[in-house]
Amino acid sequence: GTVSQIFLQANQVDFNGARIGDKIDKFKTAFGDPVSDRNGDMHFKYKTGFVSVNYDTQTDDTVAVYLLAEDF
């Protein structure tokens, strides 16, 4: 079968120079302008899918990343 999403919380994964725990601006630098940003969930187009970055809207600290086959 095909996987539609992968959830990550570990900060060991390098996303083009950004890691979970970094400020959301580091992900903007890594992936460019987001396609959406709603209530601490910022989505970026990446290759054939999307990257969803969850972050704290008070501190801008990232807390999790979803790799998505399709945007929602």
Side-chain angles (χ1 to χ4, degrees):
T2 304
V3 175
S4 61
Q5 63 181 304
I6 297 170
F7 174 73
L8 300 156
Q9 272 187 304
N11 66 356
Q12 294 90 346
V13 179
D14 185 317
F15 298 96
N16 293 338
R19 293 179 183 271
I20 295 169
D22 290 342
K23 300 291 185 188
I24 192 64
D25 284 342
K26 194 126 184 205
F27 281 85
K28 290 181 190 176
T29 299
F31 294 111
D33 292 330
V35 295
S36 67
D37 183 8
R38 285 177 247 147
N39 300 321
D41 184 16
M42 191 174 289
H43 290 205
F44 300 92
K45 177 74 177 125
Y46 186 70
K47 296 187 180 183
T48 61
F50 293 86
V51 176
S52 168
V53 183
N54 297 150
Y55 67 98
D56 183 314
T57 58
Q58 301 278 325
T59 64
D60 284 346
D61 292 336
T62 56
V63 294
V65 170
Y66 288 87
L67 304 178
L68 305 171
E70 296 180 17
D71 199 18
F72 56 87

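The hydrophobic clustering, which links ILVMFWY residues whose side-chain heavy atoms are closer than 4.5 Å, places Ile6 and Val53 together. Residues Leu67 and Phe27 share a single hydrophobic cluster, defined by chaining ILVMFWY side chains whose heavy atoms lie under 4.5 Å apart.
Atoms CZ and CZ, on Phe44 and Phe50 in that order, are 12.5 Å from each other to the nearest 0.5 Å. Rounded to the nearest 0.5 angstrom, Asn54 CG and Ile24 CD1 are separated by 8.5 Å. Atom OH of Tyr46 is separated from atom OG of Ser52 by 15.5 Å, given to the nearest 0.5 angstrom. A distance of 8.0 Å separates CD in Gln9 from OH in Tyr66, rounded to the nearest 0.5 Å. The CG atom of Asp33 sits 15.0 Å away from the NZ atom of Lys45 when rounded to the nearest 0.5 Å.
Judged by distance alone, the side chains of Asn39 and Thr57 never bring a donor and an acceptor atom under 3.5 Å apart. No hydrogens or angles considered: nothing links the side chains of Tyr55 and Asp22 as a donor-acceptor pair under 3.5 Å.
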**Message:** For Asp25 and Lys28: C-alpha separation, side-chain torsions, deciding distance, then whether salt bridge (charged side-chain N to carboxylate O under 4.0 Å, His left out) applies.
**Reply:** CA-CA 5 Å; Asp25 284 342; Lys28 290 181 190 176; 3.5 Å; yes
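Side-chain contact between Ile20 and Phe15: present, with at least one pair of heavy atoms (C-beta onward) separated by less than 4.5 Å. Proximity of Val13 to Arg19: side-chain heavy atoms (C-beta onward) are nowhere separated by under 4.5 Å. Considering only heavy atoms from C-beta on, His43 stays 4.5 Å or farther from Val51 through its side chain.
Contact detail for Asp14 and Asn16: the closest heavy-atom pair is OD1-N, 3.2 Å. Of all heavy-atom pairs spanning Lys26 and Gly17, the tightest one is CE-O, 3.1 Å.
Exactly one residue among Asp61, Thr29, Asp60 makes a side-chain hydrogen bond (donor to acceptor under 3.5 Å, both in side chains) with Lys23. That residue is Asp61.
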